[in-house]
2 protein chains.
Amino acid sequence: MTAEEGKERFIQSWGALGSSWGINRTMAQIHALLLISSEPLCAEDIMEELMISRGNANMNIRALIDWGLVHKVLKQGERKEFFMAVKDMWEVVKNIIIQRKKRELEPMLKVLDEISNVESTDEASENFLQVIRDIKLFSNKADATLDSLVKSDSNWFVGTFMKMIK
Amino acid sequence: MTAEEGKERFIQSWGALGSSWGINRTMAQIHALLLISSEPLCAEDIMEELMISRGNANMNIRALIDWGLVHKVLKQGERKEFFMAVKDMWEVVKNIIIQRKKRELEPMLKVLDEISNVESTDEASENFLQVIRDIKLFSNKADATLDSLVKSDSNWFVGTFMKMIK
DNA sequence: TTGTTTTTTCAGTAATTGTTGAAACTTCTT
DNA sequence: AAGAAGTTTCAACAATTACTGAAAAAACAA
């Protein structure tokens, strides 16, 4: 396999992985492309490499910046913007956790709180409340755990965690 | 909020949550419905409650069984099948981890292995290889960590983990 | 074996989600 | 201020994904 084929393969796989996690294919592919690029790329580079339109490129680049996975880079003497991916994997995963927690886990916790105020009348609604309480308990633990995880450093994950739980 | 409204709310939210994680809305809604039901339900119950077709119900119930999130229950004297969700949240999350690891993480590890065999010719492909190696290292750690997590028990998660990493 | 009930499959269709491309906007330069 | 370079927006369109409903298959009963 040549380097060129390897890159192509990686971009495709990363795109497919994104897809199955609710991240659109193109956004994941742009991320992959920037990850493996040694130089910051501009919108045109990305459009050309992935054969996508300007609008598509722009929207997905903004989304990546929004997720904290890509940074804007200004080259002196150049007017246009260049983009560079955060390459530290721990940083990448941390940012994804932070964003998804905020966008998905926290709203769910809010809903669970609201729901757990229903008055239990019969056996069926008693069961309902019990399930909601369990999920709430579990979600709160997960929330707290993710907070700690995000605060801890890469070394901790790569080095210590496995010994602790083995 | 009445119990009925609460249930409705929960089913909708769980469906939306599923959506943003690459799980189809209906599958997540069926899961929600079974979670909060005190009795096992049959296909017709589910079709009626969620206003979906028989085909849709059937396919998504099978998928839930496939993921280990729902079990088939046979009531004596009844010919048709009934379904019951696994209600222990730890068990639910564990099964989801097992499945997604198998379906997504492991194939990605395979791809990374293949890719990391490209010969490095120039500076650009050297950078490429370095990124791939980093991702591989990180993914292997994640893989091992998830294995341990799945082997550990609920109590560990709910009780001990947070103290350890604080 | 034949009829009845239940489950499964899948081609066609519907709904959702993602993409394009051109116009509007912004920023910079002279 | 006018033009050039670059960025953003979004209505129309395309691609993908999900759902339906009816027919086939399977499971069971008499």
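A note on names: the letters A, B, ... follow the listed sequences, proteins ahead of strands, and every chain is numbered from 1. Remember, it's a predicted structure, so these values are computed and weren't measured experimentally.
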- Task: Rounded to the nearest angstrom, tell me the gap between atom CZ in B:Arg54 and atom P in D:dG21.
- Result: 12 Å
- Message: Under a plain distance cut-off of 3.5 Å, with no hydrogens placed, do A:Gln130 and A:Asp134 share a side-chain donor-acceptor pair?
- Response: yes
- Item | d(CE, A:Met27; C1', C:dT19) in whole Å | 16 Å
- Message: Which nucleotide wins on minimum distance to the side chain of B:Ser53, given the candidates C:dT4, D:dG21, D:dG6?
- Response: D:dG21
- Neighbour count >12 (heavy atoms, 6.0 Å) for atom NZ, B:Lys110: no
- Query: Within this structure, what is the CZ-to-C1' distance between A:Phe83 and D:dG6, rounded to whole angstrom?
  - Reply: 10 Å
- Note on the structure: Rounded to whole Å, CD1 of B:Ile61 lies from C1' of D:dC19 at a distance of 14 Å
- Message: Quick check: any donor-acceptor pair below 3.5 Å linking the side-chain of B:Arg25 to the base of D:dA18?
- Response: no
- Taking the side chain of A:Glu81 as heavy atoms from C-beta outward, which of C:dC28, D:dT7, C:dC10 is closest to it? D:dT7
- Note on the structure: Exactly one candidate in A:Val92, A:Val86, A:Ile96 meets side-chain contact (heavy atoms from CB on, under 4.5 Å) with A:Trp67; the answer is A:Ile96
- Item | Separation of D:dT17 P from B:Trp21 CH2 (nearest whole Å) | 19 Å
- To the side chain of A:Arg79, which of C:dT7, C:dT19, D:dA5 is closest? D:dA5
- Message: Does a side-chain N or O of A:Asn58 approach OP1 or OP2 of D:dT8 to a distance below 4.0 Å, or not?
- Response: yes
- Closest-nucleotide ordering on DNA chain D, the 5'-leading residue of B:Ile23 and A:Met59: A:Met59
- Sugar-phosphate only, base, or nothing, as touched by A:Asn24 at under 4.0 Å among non-hydrogen atoms: sugar-phosphate
- Message: Please report the distance, rounded to the nearest Å, between NZ in A:Lys75 and C1' in D:dA5.
- Response: 17 Å
- Item | Rounded interatomic separation in angstrom, taking CG from B:Asp45 and C1' from C:dT6 | 14 Å
- Query: So, are A:Lys94 and A:Asp88 salt-bridged, with charged N and O less than 4.0 Å apart?
  - Reply: no
- Given C:dT7, C:dT29, C:dT19, which nucleotide is nearest the side-chain atoms of A:Asn60? C:dT19
- Query: Is the distance from OP1 or OP2 of C:dT20 to the nearest side-chain N or O of A:Asn56 less than 4.0 Å?
  - Reply: yes
- Report yes if at least one side-chain N or O of A:Arg62 is closer than 4.0 Å to OP1 or OP2 of D:dT8; otherwise report no. yes
- Task: Give the rounded distance in Å between these two atoms: CG of B:Leu41 and C1' of C:dT6.
- Result: 17 Å
- Task: Fit a plane to each ring of A:Phe128 and B:Phe10, take the angle between them on a 0 to 90° scale, and name the class: parallel (under 30°), tilted (30 to 60°) or perpendicular (over 60°).
- Result: perpendicular
- Task: Map B:Glu78 and A:Gly55 onto DNA chain C by nearest heavy atom, then report which one ends up closer to the 5' terminus.
- Result: B:Glu78
